[in-house]
Amino acid sequence: MSDPILSVEGVVKRFAGVTAVDGAGLSVGAGEIVGLIGPNGSGKSTMVNMVTGEMPADSGTFRFDGRDITALPAWRRARLGMARSFQMLRLFGSLSVEDNLLLARHISMKRSMWESVLGARPAREEEEAVRARARELLGWFDLAPFADRKVTALSIGQQRMVELARGVIADPRLFVLDEPAAGLSPPNVDRLIALIRRMRDEFGISILLVEHDMRVVRDLCDRVVVLDSGTKIAEGPPAAVTQDPVVVEAYIGRGWKRRAQA
Amino acid sequence: MDLFLQYLANGVVVGSSYVLVAVGLTLIFGILHVVNFAHGEFYMLGGYAGITASTAFGLPLPASLAVVAAVSCLLGLGAEALLHRGLKNQDQTSSIIASFGLAVALQNAVMVTMGPQPELMHTELAYKAIELGPVFLPAPRALIPPAMLIIVGALFAALRWTWTGRSLRAMAQHETVARLCGVKVRRVAVITFMLGATLAGVAGFMMSAVYMVHPLVGNMIVLKAFIVVIIGGMGSPLGAAAAGLLLGVIESMTSAYLTNGLRDVVGFLLVIAVLLFRPQGLFGRSLERS
Amino acid sequence: MTRAALITLAILAVGFVAAPFLLGGYELNVLMVALLYVILAVGLNLATGYCGQFSFAQGAFYGIGGYTAGILSRDVGTGFWMNLPAGIVVTGLFGLALGLPALRLKGHFLAIVTIAVQTLVYLGLVQWNSLTGGQNGLAVPPIGETTLFGVRLFEVTSLRDLYWVALVMAAVFVFIAWRLVHSRLGREWVAVREDETLAGAVGLNTTFAKLTAFVASAAFAGGAGVLNAHAMQGVTPDDFQIWISCMVVAMMVVGGRGTFMGPILGAIALTILPELTGELARYKMLIFGVLLVVCVTVAPEGALGRIRKARESRDQAASGRAPAKDPSEASA
């Protein structure tokens, strides 16, 4: 593995006496799809929120693209090329699908905000170009007919796709996906898997994937990191990790084996 | 030192009226999440009801007090219907605007019926006074702190030990869970508003023998009450009680030792500082639980 | 919405331009006040309607603009056209200061801080005698003669002249607001209002967005304040009490916060309607209060918000698919 795009070490996070993440770390190589799994309450979401900067860590270091980002807030990390989706769908509800994408592209617009306020031609042209790009991407995600629709008018499955398109339009180096398959029907999960793979293959986006659906993890991930009670208990290729007795033990009582073989 | 004690006593008197107004305001906020801008009008109408009962109808003080309580309860009933039930499922800013509308309406209703001139309640008590060492207080003033202690003490006891009080506290914690446990939300809301209105009305009644009452008197009162509520920690009655006395004393001291011009300013400065550095209030929420 | 807004704006423009030729002094004065409130409400809508930051301090900024004009006229001897930009800048800086607590506080906590700031400004105007003239306020000269490089351009003497100045200023501010909300900045304001966490996650600088919204909204009030000071030829603290702020909030809310035309229509309606009470003039404010309660209860999203909602659900019905009719929903 070459220099990782993301490397996280020794992360600790406590909430009012409960230690949610206890010294765990992980890394994502360039062009790699890494799965982050673990039983409920193992600290996956906390970890993800610390990686993307929504939540500060108590200790630990975060490096992104060779740069120490530990002290940076979420919006600065996004500007360095980190996109994310949310476990509980998050979109700008009162805006159109296209405007949702547009906002995610603001960070790489070259014209200043003031040119946009003044309505200067270069700013207008730039915005038109981004809108065209947004429509193109929406076609990619089968959302083209909905570009002008308010996002809340779309179904949950379609909104999930909007979230993915929103991440892709920013041209990120790393896309953090927080349970993208939650709430999707099996045919749509197949589509999701194909789309994520294309994101990596066509756009070269590295992916950190938190997921409960083992089919998604097995089909997509090059490598899997398993958390339990805030510590890393296993790491390796999906097939090997799911057979690891330590991992199986962590999941016992939750029907892990059954789901793994499904 | 003697003067200091006198200022302290004056501060406690005014502070006691703040406590009465603010405890109701903080209950309404804490339990029902309504930001009630018309709370100052409860105070104002309490004053007018008392003056009308005692001066125009010549009722004795206890009877006037009963009139004030009755008028306040009616007001609370109406305010609950408008600001709580009428605004179900809306954000808190809606209650700010609606209660502002209610305040304007009540002020002008009084302006039209009673006229704009300030009124003072005259009682024979005004000729009596109490001397405690170096501290000299006319009876109408001296009565306010003990009355406040009795009323607020009874309120806290009721909150703690009666079924209704426990319902109120349960609602403050979590409305849905309280509902599931059999708390009747409507009833709790009405009681909360009636309590708040009565506390403010009684404060207005007692203070009307000390300061003049006029239709717009509620404007400053409600702002002071908000100061107290924030300093005490929003939704915490005990915090409001402590902060109310504190504000009264701070104002009294500011006006005595700094300048009278800063008297009304100091509270707002305090609020901004508290919200920026300790948004949960000086006395926090933890006090309430203990 | 955009097309309907432009048509409404055009109709309003025609009405306001025709007014001086049709109406008497009293009516014209009411319309001028309405124009000042249009500037205040449109400005407030930038911070509250678009960026979601509640403020009850618009009246204070109105006053700061007016007092900037008054103090400059008294101490420096400048006229309206110098005071106008100065008032806008000074008020904008105060807006920046109010924006700072907004970085930490939300919802009703922020609302209450702005109430505290509003009251502090009022008390400051009353107490700081040497600067503000205390309760008596300051006299401000009329706009009078306007010259550019020594060349006399025009003179503002009558109420009608003043009205024209107000109309032009309101038009300019409305145009600026239009540009702002239809720019990238305006879109970021909406993003902050809708979901601050998400706005940060897609890389938007939410601090910048909130501060610019507060500065813009205060600057609008500052401009209106300077004009008001010169038009009334004086300022007193009582003109800038919290009730002015509440009035502006009411105009915005009744019209529809976050819609472009709502605050404009709300400001005009709530200024003019109480004047139409005629016989009932005594009950003007009483009626106003009751109306406000009724409006918030019946249509919390405001008149235009209500219309927009109705249109959206109609469009959705017309396009023939209810939300959530997609196979992806099924299992979960």
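Reminder, nothing fancy here: chain letters follow the sequence lines and each chain counts from 1. Only this structure's heavy atoms are used, side chains among them; waters, hydrogens and symmetry mates stay out.
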**Prompt:** Checking heavy atoms, do the side chain of Ile242(C), its backbone, both or neither come under 4.5 Å from chain B?
**Reply:** side chain
**Asked** Measuring heavy-atom distances to chain B, does Val113(C) have an atom under 4.5 Å in its side chain, in its backbone, in both, or in neither?
**Response** both
**Leading residue by heavy atom contact count with chain C [cutoff under 4.5 Å; candidates Leu262(B), Leu87(B), Val104(B), Val112(B)]** = Val112(B)
**Prompt:** With chain C, which of Asn219(B), Leu269(B), Val265(B) has the greatest number of heavy-atom pairs at distances under 4.5 Å?
**Reply:** Asn219(B)
**Message:** To the closest 0.5 Å, what do you measure between CG (Leu216(B)) and CD (Gln241(C))?
**Reply:** 8.5 Å
**Separation between CZ of Phe268(B) and OH of Tyr122(C), rounded to the nearest 0.5 Å** =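 One gets 11.0 Å once the value is rounded to the nearest 0.5 Å.
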**Request:** Begin from the C-alpha positions of Phe226(B) and Ile115(C) and carry the test side-chain contact (heavy atoms from CB on, under 4.5 Å) through to its verdict.
**Result:** CA-CA 10 Å; Phe226(B) 270 116; Ile115(C) 289 168; 5.9 Å; no
Kindly give the heavy-atom pair with the smallest separation between [X] and [Y], and that separation in Å.
X         : Y         : value
Ala111(C) : Ile96(B)  : CB-CD1, 3.9 Å
Thr297(C) : Gly86(B)  : CG2-O, 3.2 Å
Leu123(C) : Asp264(B) : CD1-O, 3.5 Å

**Request:** For chain B, find which of Val290(C), Thr119(C), Val249(C) contributes the most heavy-atom pairs closer than 4.5 angstrom.
**Result:** Thr119(C)
**Fill in**
Greatest number of non-hydrogen atom pairs under 4.5 angstrom with chain B, of Trp243(C), Trp128(C), Tyr283(C), falls to Trp243(C)
**Request:** Please say which of Leu292(C), Val296(C), Val293(C) ends up in a side chain to side chain contact (heavy atoms under 4.5 Å, CB included) with Phe100(B).
**Result:** Leu292(C)
Region of [X] that comes under 4.5 Å of a non-hydrogen atom in chain C:
X         : result
Leu223(B) : side chain
Val271(B) : side chain
Leu83(B)  : neither
Met111(B) : neither

**Asked** In this structure, are over 12 heavy atoms from other groups packed under 6.0 Å from Phe94(C) atom CZ?
**Response**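 Not buried by this count: 12 neighbours or fewer within 6.0 Å.
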